[in-house]
Amino acid sequence: MPNHVFCHYKFWTVKQCNFNIDEAGRHKKLQLQELEELRNDSYENSRIYKEKTKLFHDKSIARKHFEPGHRVMLYHSQLKFFPGKLRSRWIGLFVMLKVFEHGAVEIQSEETGKVFKVNGHRLKPFYEGFNANFLEVIQLDAQVY
């Protein structure tokens, strides 16, 4: 069939079905506008949810405040295969030299004197008031029944 005959056939079919093309076009545009409004509402709700979730998450983060001269311990993240049940993942004593913006910290090892930068999240303060030499002995009496 030639192309112009095929188009005429479509138009004739629409007329036969008593179908108003202009009204159908207006209805389709209205449906598309409603769909766009629903889409915009869902984006807005998603944005609000993400903001609330971020505020909740940020509120629960414990902030660490470091200053130059503080003594800290470093989290050793390379212990992967069977490090031992009681083996600590915190290593060494380090002295803070400089605190950069965005959480980077420059530290120096007390043992070797090596200076390097690490992420501040991998550090925890070293509390010097703890005395490991103090030992309290408690006697337990064995009672025989």
Query raised in the report: In Å and rounded to the nearest 0.5 Å, what is the CG to OG distance from D41 to S46?
Result: 12.5 Å

Report task. Mind checking the CG-CZ spacing from N119 to F100? Nearest 0.5 Å is all I need. Result -> 13.0 Å

Query raised in the report: Is there a donor-acceptor contact under 3.5 Å linking the side chains of Q31 and H27?
Result: yes

For a quick test of reading the model, state the closest non-hydrogen atom pair linking [X] to [Y] and the distance between them.
X	Y	result
R122	W90	O-CZ3, 3.4 Å
F116	L74	CE1-CD2, 4.2 Å
P68	V99	CD-CG2, 4.4 Å

Which residues pass the side-chain hydrogen bond (donor to acceptor under 3.5 Å, both in side chains) test with [X], sequence neighbours left out?
X	answer
E51	R47
K28	none
D58	K54
E101	none

Query raised in the report: Taking side chain as C-beta onward, heavy atoms only, is E36 less than 4.5 Å from Q33?
Result: no

Query raised in the report: Within a strict 4.5 Å, meaning less than it, do heavy atoms of the Y75 and K124 side chains meet?
Result: no

Query raised in the report: Counting only heavy atoms not in E111, do more than 12 sit closer than 6.0 Å to its CD atom?
Result: no

Query - Y49, OH: over 12 other non-hydrogen atoms inside 6.0 angstrom - result: no

Who are the side chain to side chain contact (heavy atoms under 4.5 Å, CB included) partners of [X], not counting sequence neighbours?
X	answer
I48	E44, K52
D22	N20, R26
K29	none
L93	R71, M73, E110, F126

Report task. Identify which one of V118, L97, V95 satisfies the side-chain contact (heavy atoms from CB on, under 4.5 Å) criterion when paired with I107. Result -> V118

**Report entry** Donor-acceptor under 3.5 Å (Q108 side chain, V115 main chain)
**Finding:** no

Query raised in the report: For E67, which residues count as a salt bridge (Lys or Arg N to Asp or Glu O under 4.0 Å) partner, sequence neighbours excluded?
Result: none

